[in-house]
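These notes are about the structure you will find just below.
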Amino acid sequence: IAVADAENPQIELKPEGAIVFNAKCKDKEYSMNLELNGELNVEDSTRTISDRQIQLKLKKKEDGYWNKLQKGKKHPMIAIDWPRFVDEDEEKEGPDVGEFGGDQGFGG
């Protein structure tokens with residue numbers, strides 16, 4: 001959630017699969033109520049709040065992938081953070097470190 005200098009951001013993750021967000025920034029109120037396409041594991045989901053943005057890492061209640069994030073039409077302000085994206089194959093294999101990943105005899 002890209003809201004620079006958000007004052008007192010309120011984020012509620014609901015187990016049934018919803019995000020409720022409210023914040024104020026320079027006399028402007030921001031709010032969002034997003035209904036997700038599945039249930040959340042609220043305890044294992046995390047949030048990071050910085051001066052420039054609020055980042056949520058959502059964990060599903062059940063293993064597997066959602067075919068889409070939210071119910072209904074795609075929200076125009078929601079985008080995938082591609083540098084952090086991990087698809088199903090990468091998750092099973094581990095991160096791709098190219099030729100630098102194995103023990104190449106470099107010392108320690």
Side-chain angles (χ1 to χ4, degrees):
I1 304 170
V3 179
D5 302 321
E7 299 171 20
N8 194 26
Q10 302 294 313
I11 304 163
E12 182 182 2
L13 303 179
K14 296 187 175 187
E16 64 271 14
I19 302 169
V20 179
F21 169 77
N22 293 293
K24 185 176 179 181
C25 178
K26 299 180 186 173
D27 298 330
K28 188 170 183 182
E29 300 277 336
Y30 292 89
S31 67
M32 175 183 75
N33 189 347
L34 185 67
E35 192 173 352
L36 302 173
N37 203 29
E39 295 180 336
L40 287 176
N41 180 335
V42 175
E43 291 79 30
D44 288 344
S45 296
T46 61
R47 63 192 87 189
T48 304
I49 300 172
S50 72
D51 292 340
R52 305 225 3 114
Q53 66 182 2
I54 299 165
Q55 190 173 66
L56 303 174
K57 185 173 183 181
L58 305 175
K59 287 287 197 175
K60 289 181 55 186
K61 182 176 179 179
E62 298 177 9
D63 288 339
Y65 287 85
W66 286 327
N67 59 349
K68 63 184 216 172
L69 178 65
Q70 78 272 1
K71 292 182 180 178
K73 280 178 39 177
K74 181 187 176 306
H75 192 286
M77 299 301 288
I78 295 177
I80 296 171
D81 187 354
W82 288 111
R84 297 177 190 267
F85 181 81
V86 177
D87 70 19
E88 219 170 337
D89 295 336
E90 289 175 322
E91 188 173 69
K92 291 175 186 171
E93 297 170 1
D96 180 15
V97 292
E99 295 180 23
F100 300 105
D103 181 11
Q104 304 295 320
F106 295 109

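Quick caveat, the model's predicted, so the values are computed rather than measured. Residues take their numbers from the sequence shown, with the count starting at 1.
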Note to self: Whether the side chain of Ser45 engages the backbone of Lys59 through a donor-acceptor N/O pair (distance < 3.5 Å, no angle test) should be reported.
What the structure shows: yes
Item checked: Lys28, NZ atom: more than 12 neighbouring heavy atoms under 6.0 Å -> no
Check: Once you round to the nearest 0.5 Å, how far does OG1 of Thr46 lie from CD of Gln55?
Finding: 8.0 Å
Next item on the list: Indicate the atoms forming the closest heavy-atom contact of Ala23 with Ala6, along with that distance.
Entry: CB-CB, 4.1 Å
Next item on the list: Decide whether Gln10 and Asn8 meet the rule of one side-chain donor and one side-chain acceptor closer than 3.5 Å.
Entry: yes
Check: Do Asp5 and Asp51 come within less than 4.5 Å of each other through their side chains, counting heavy atoms only?
Finding: yes
Note to self: Quick one, Leu56 and Phe21 - any side-chain contact, counting heavy atoms below 4.5 Å?
What the structure shows: no
Notebook entry, point to check: Roughly how far apart are Lys14 NZ and Glu12 CD, rounded to 0.5 Å?
Noted result: 4.5 Å
Notebook entry, point to check: What is the distance from atom CD of Glu39 to atom CD of Glu16, rounded to the nearest 0.5 Å?
Noted result: 8.0 Å
Next item on the list: Return the set of residues passing side chain to side chain donor-acceptor pair (under 3.5 Å) with Asn41 (not counting sequence neighbours), or none when no residue passes.
Entry: Asp44
Next item on the list: Supply the atom-to-atom distance Glu7 CD to Glu29 CD, rounded to the nearest 0.5 angstrom.
Entry: 9.0 Å
Item checked: Hphob cluster co-occupancy, Leu69 + Val42, side-chain heavy atoms under 4.5 angstrom -> yes
Margin query: Among residues at least two apart in sequence or on other chains, which ones pass side chain to side chain donor-acceptor pair (under 3.5 Å) with Asn67?
Written below: Asn37
Next item on the list: Could you tell me which residues satisfy side chain to side chain contact (heavy atoms under 4.5 Å, CB included) with Leu34, sequence neighbours excluded, listed by chain and number?
Entry: Ile19, Met32, Leu36, Gln70, Ile78
